[in-house]
Amino acid sequence: MSAIAAQPYDYELPTESKVALVIIDMQRDFLEHGGFGDALGNDVTQLQSIVPTVKKLLEIFRSLNFPVIHTIEAHAADLSDCPPSKLNRGKGGLKIGDKGSMGRILIVGEDGNNIIPELTPLENEIVIVKPGKGAFCRTNLEEILQKENITHLLFTGVTTEVCVQTTMREANDRGYECLLIEDGTASYFPEFKSSTIEMLRAQGGIIGWTAHADAVIAALSA
């Protein structure tokens with residue numbers, strides 16, 4: 001493989017290690033009407049707009065037999081892994097653990113906590129259940145990346161400025177080469193997405209690169 005046309009400059013693909021697609025928190029509660037995001041007053045169509053792009057990328061990675069990593073933000077039923085600072089923050093009518101229209105909010109195994117049907121993980125794909133915003137926090141993600149010889153991570157998912165950015169920054173600090181796929185990520189607030197993209201690739205790629213899905217697909221298919 002060669003390189004992906006990206007900003008602030010081309011993203012070199014590995015030859016001695018692996019590149020993985022990371023799909024962050026594409027859960028029903030965040031993307032569907034009647035879910036947690038909708039209950040908080042957000043426009044979930046902002047997040048739904050990226051589903052076709054993420055699905056296309058997922059299909060490419062599957063066809064090439066490249067690793068795919070899905071993450072799910074979730075907590076144990078007894079909330080033992082949810083710190084009070086997270087549980088009690090905000091003034092909305094629903095909190096983590098409360099009963100919503102698709103089950104208890106952000107609780108492992110509840111319907112709303114599942115990844116949307118269009119992107120359901122295959123049995124051989126990695127699924128990281130994370131209690132925090134970042135996918136490295138209190139998970140075995142780094143151990144898996146090292147075991148699988150994965151050094152390059154291409155990020156998609158939601159939301160851009162929270163869980164996606166947090167995970168990308170965590171990965172950068174650990175030495176992974178990170179690229180955000182711009183049209184494969186979304187926020188309830190488009191201006192937050194734009195600002196995040198600028199921050200990540202500032203100063204010569206201080207956190208990493210950004211690119212569009214077509215450029216990624218073209219490079220991987222070459």
Side-chain angles (χ1 to χ4, degrees), residues 1-26 47 49-50 53-54 56-58 60-61 64 66-73 119 125-126 128 130 132-137 139-222:
M1 291 186 289
S2 53
I4 296 170
Q7 293 191 53
Y9 51 90
D10 286 356
Y11 176 87
E12 298 292 334
L13 289 163
T15 56
E16 303 299 327
S17 59
K18 298 177 184 176
V19 57
L21 178 67
V22 184
I23 305 176
I24 303 285
D25 298 359
M26 294 292 281
L47 273 53
S49 66
I50 66 169
T53 298
V54 177
K56 184 186 298 185
L57 289 161
L58 179 58
I60 290 291
F61 268 74
L64 295 170
F66 286 178
V68 175
I69 301 166
H70 304 261
T71 76
I72 299 174
E73 184 176 355
L119 304 175
E125 292 172 351
I126 301 161
I128 300 293
K130 59 185 183 66
K133 302 296 188 289
F136 289 86
C137 178
T139 75
N140 64 340
L141 176 56
E142 187 166 20
E143 178 184 341
I144 291 171
L145 295 178
Q146 292 175 352
K147 180 180 178 181
E148 297 296 326
N149 193 29
I150 297 169
T151 57
H152 290 58
L153 302 172
L154 307 187
F155 286 91
T156 63
V158 300
T159 60
T160 314
E161 76 279 8
V162 185
C163 295
V164 177
Q165 177 179 204
T166 301
T167 302
M168 189 166 169
R169 288 176 178 272
E170 289 179 331
N172 175 70
D173 280 347
R174 288 164 171 79
Y176 295 94
E177 301 286 11
C178 304
L179 180 145
L180 178 70
I181 302 176
E182 295 184 34
D183 46 344
T185 184
S187 169
Y188 296 122
F189 310 98
E191 66 273 22
F192 290 178
K193 172 181 172 176
S194 298
S195 296
T196 300
I197 289 170
E198 293 296 332
M199 286 189 288
L200 294 175
R201 68 187 184 202
Q203 300 182 65
I206 191 168
I207 304 300
W209 291 257
T210 72
H212 287 88
D214 286 348
V216 173
I217 292 169
L220 295 179
S221 302

J.: Here's a test for you: under side-chain contact (heavy atoms from CB on, under 4.5 Å), which of Ile128, Leu141, Asp173 qualifies with Phe136?
T.: Leu141
J.: So, Ser187 side chain and Thr160 main chain: donor-acceptor pair closer than 3.5 Å or not?
T.: no
J.: Can any side-chain N or O of Tyr9 pair as donor or acceptor with the backbone N or O of Gly205 at less than 3.5 Å?
T.: no
J.: Write down the atom of Phe155, the atom of Val164, and the distance for their closest heavy-atom approach.
T.: CB-CG1, 4.3 Å
J.: When you measure from the side chain of Asp25 to the backbone of Lys133, do you find a donor-acceptor pair of N or O atoms at a distance under 3.5 Å?
T.: no
J.: Just how far is it from atom CD1 of Ile181 to atom OG1 of Thr156, taken to the nearest 0.5 Å?
T.: 6.0 Å
J.: Apply side chain to side chain contact (heavy atoms under 4.5 Å, CB included) to residues Leu13 and Leu220 and explain how you reach the verdict.
T.: CA-CA 9 Å; Leu13 289 163; Leu220 295 179; 4.2 Å; yes
J.: Measuring from atom CD of Glu125 to atom CG of Leu58, what distance do you get when rounded to the nearest 0.5 angstrom?
T.: 5.5 Å
J.: Mind checking whether Cys178 and Trp209 have side chains closer than 4.5 Å, heavy atoms only?
T.: no
J.: Cys137 vs Lys130, test: side chain to side chain contact (heavy atoms under 4.5 Å, CB included). Steps then yes/no.
T.: CA-CA 7 Å; Cys137 178; Lys130 59 185 183 66; over 6 Å; no
J.: First locate atom CD1 of Ile197, then atom CZ of Phe192, and finally report the distance between them rounded to the nearest 0.5 Å.
T.: 14.0 Å
J.: For the CD1 atom of Ile217 and the CG atom of Leu57, what is their distance to the nearest 0.5 Å?
T.: 5.0 Å
J.: Could you tell me if the side chain of Leu21 sits less than 4.5 Å from the side chain of Val216, heavy atoms only?
T.: no
J.: Heavy-atom distance under 4.5 Å between the side chains of Leu200 and Gln165, does that happen here?
T.: yes
J.: Kindly indicate whether the side chain of Thr185, heavy atoms from C-beta on, has any atom under 4.5 Å from the side chain of Ile24.
T.: no
J.: Go through it in stages, so that I can follow the logic: the residues are Thr167 and Thr71, the test is side chain to side chain contact (heavy atoms under 4.5 Å, CB included), and I'd like the CA-CA distance, side-chain angles, deciding distance and then a yes or no.
T.: CA-CA 10 Å; Thr167 302; Thr71 76; 5.9 Å; no
J.: Does a side-chain heavy-atom distance below 4.5 Å link Met168 with Ile207?
T.: yes
J.: Before you tell me yes or no, could you show the steps for Ile69 and Ile144 under side chain to side chain contact (heavy atoms under 4.5 Å, CB included), namely the whole-Å CA-CA distance, both residues' side-chain angles and the distance that decides it to 0.1 Å?
T.: CA-CA 10 Å; Ile69 301 166; Ile144 291 171; 5.8 Å; no
J.: Does any part of the side chain of Met199, heavy atoms only, come nearer than 4.5 Å to the side chain of Arg169, both counted from C-beta?
T.: yes
J.: Could you tell me if the side chain of Ile23 sits less than 4.5 Å from the side chain of Val68, heavy atoms only?
T.: yes
J.: For the residue pair Pro67 and Glu148, establish whether any side-chain heavy-atom pair is separated by less than 4.5 Å.
T.: no
J.: Can you establish whether the number of heavy atoms outside Glu191 located under 6.0 Å from its atom CD is more than 12?
T.: yes
J.: Work out which heavy atom in Cys163 is nearest to a heavy atom in Glu73; give both atom names and the distance.
T.: SG-OE1, 3.6 Å
J.: Is there a donor-acceptor pair under 3.5 Å between the side chain of Lys193 and the backbone N or O of Thr196?
T.: no
J.: So which pairs with a foot in residues 198-220 pass salt bridge (Lys or Arg N to Asp or Glu O under 4.0 Å), sequence neighbours left out?
T.: Glu182-Arg201, Glu198-Arg201
J.: Around Lys18, counting heavy atoms of other residues, nucleotides and ligands shown, do more than 12 lie under 6.0 Å from its NZ?
T.: yes
J.: Please name the pair of heavy atoms, one in Ala3 and one in Asp10, separated by the smallest distance, quoted to 0.1 Å.
T.: CB-CB, 4.1 Å
J.: So, for Thr151 and Pro14, which heavy atoms are closest and what is the spacing to 0.1 Å?
T.: OG1-CB, 4.2 Å
J.: Restricting to non-hydrogen atoms, name the atom on Pro8 and the atom on Gly204 that form the minimum distance, rounded to 0.1 Å.
T.: CG-C, 3.5 Å
J.: What pair of heavy atoms forms the shortest contact from Ala219 to Ile4, and how long is it?
T.: CB-CG1, 3.6 Å
